[in-house]
Amino acid sequence: MARSMDNGVMVLLTVMVGLFGVTSALLGFIAEGKKITPGDIHVSGNDCVYPASPAHGLGICAILLLIVAQVIASVAGGCCGCCRPGGGASKSTRRVVGVVVSILSWVMTGIADWYYKQGVEWNTAGTRGATLAGVYKGCSYHKGGVFVRAGVLSLVATSLAIKSCFLLRALPSTAEPVEGGAEPKPNGQYGPSVGLPQWQAQGNGHAP
């Protein structure tokens with residue numbers, strides 16, 4: 001019963017991780033189509049006036065959702081395996097692999113958030129100095145692709161996070177022996193096997 005409940009919670013948490021991660025990526029893809037273009041920028045004297053863009057808010061939401069997804073994944077995985085009891089050699093190997101995958105997911109998250117941050121900064125409403133090229137004044141802008149790269153990395157980070165959850169939260173099999181040489185008893189408890197003395201049956205008659 002407890003194991004089925006734990007599996008149910010695990011499924012719920014991984015679904016939340018996937019939902020937040022995929023939503024973060026979708027917001028990134030939408031932000032790419034809403035970013036500021038050169039036609040949106042106005043030159044006022046020596047300044048470039050950047051208008052408000054939906055990509056700014058979409059990028060911020062994408063950052064927050066991706067971070068929340070990673071935090072949930074870390075909690076679901078038992079704080080990167082630190083909260084899970086140790087098992088045999090196979091369990092230890094699986095835990096190491098799970099921790100490595102979890103770290104990689106956080107690295108991908110950091111890179112994705114860095115791209116998101118760049119996109120947010122370039123799509124923030126405000127005024128910047130114009131650049132002079134000969135007799136022409138130009139305004140700098142992001143040429144594109146930053147939100148797409150962030151969205152793809154968000155999907156990669158989310159996939160790694162879900163994988164780490166299953167590696168770190170894998171429950172030990174009930175058929176495995178308990179450490180210390182204990183053997184299962186008929187009543188379900190565990191303890192060292194103790195040999196019972198064997199008594200030979202004594203007959204009432206005398207040997208001839």
Exercise. Check the pair Lys35 / Trp122 against side-chain contact (heavy atoms from CB on, under 4.5 Å), numbers first and verdict last.
Key: CA-CA 8 Å; Lys35 66 182 183 297; Trp122 279 103; over 6 Å; no
Practice problem: Step by step, work out the side-chain contact (heavy atoms from CB on, under 4.5 Å) result for Leu160 and Lys163. | Solution: CA-CA 5 Å; Leu160 292 173; Lys163 179 65 176 178; 5.5 Å; no
Quiz prompt | Evaluation steps, side-chain contact (heavy atoms from CB on, under 4.5 Å), between Val101 and Leu167 | solution = CA-CA 9 Å; Val101 174; Leu167 288 171; 4.2 Å; yes
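A donor-acceptor pair under 3.5 Å is formed between the side chain of Thr109 and the backbone N or O of Ser105. A donor-acceptor distance shorter than 3.5 angstrom exists from the side chain of Glu32 to the backbone of Gly145, with no hydrogens or angles considered. Although no hydrogens or angles enter the test, the distance criterion places no donor-acceptor pair under 3.5 Å between the side chain of Tyr116 and the main chain of Leu58. A donor-acceptor contact shorter than 3.5 Å is absent between the side chain of Ser154 and the backbone of Ala25. Between the side chain of Ser53 and the main chain of Thr124, no donor-acceptor pair closer than 3.5 Å is present. Distance alone, capped at 3.5 Å, places no donor-acceptor pair between the Asp113 side chain and the Gly110 backbone.
Residue Asn123 comes nearest to Ile36 through the heavy atom pair OD1-N, 2.7 Å, listed as atom of the first residue, atom of the second, then distance. Of all non-hydrogen atoms in Ser44 and Val49, the two that sit nearest each other are CB-CG2, 4.1 Å. Counting all heavy atoms, side chain and backbone alike, Thr23 lies closest to Leu65 at CG2-CD1, 3.5 Å. The two atoms that bring Val17 and Ile162 nearest to each other are CG1-CG1, 3.9 Å, heavy atoms only. Scanning all heavy atoms of the two residues, the minimum distance from Gly21 to Ala69 falls at N-CB, 4.0 Å. Across every non-hydrogen atom of Thr14 and Phe166, the tightest pair is CG2-CE1, 4.0 Å.
The cluster map of Ile, Leu, Val, Met, Phe, Trp and Tyr, joined by side-chain heavy atoms under 4.5 Å apart, puts Val156 and Ile67 in the same cluster. At a threshold of 4.5 Å between side-chain heavy atoms, the hydrophobic network of Ile, Leu, Val, Met, Phe, Trp and Tyr places Val22 and Leu12 in two separate groups. The cluster map of Ile, Leu, Val, Met, Phe, Trp and Tyr, joined by side-chain heavy atoms under 4.5 Å apart, puts Val68 and Met16 in the same cluster. Put simply, Phe147 and Leu155 are part of two different groups of oily side chains (I, L, V, M, F, W, Y) that touch within less than 4.5 Å, one to the next. Tracing side-chain contacts under 4.5 Å through hydrophobic residues (I, L, V, M, F, W, Y), one never reaches Leu19 starting from Ile72; they form parts of separate clusters.
Remark: the Thr37 side chain and the Asp40 side chain contain an N/O donor-acceptor pair separated by less than 3.5 Å.
Atom CG in Leu66 sits 11.5 Å away from atom CE in Met108 (nearest 0.5 Å). Residue Phe20 holds its CZ atom at 11.0 Å from CG of Leu64, rounded to the nearest 0.5 Å. Atom CZ in Arg128 sits 8.0 Å away from atom CD1 in Ile41 (nearest 0.5 Å). In this structure, CG in Leu26 is found 13.0 Å from SG in Cys61, a value given to the nearest 0.5 Å.
For the pair Leu168/Arg95, a side-chain contact is recorded, criterion being any heavy-atom separation below 4.5 Å from C-beta on.
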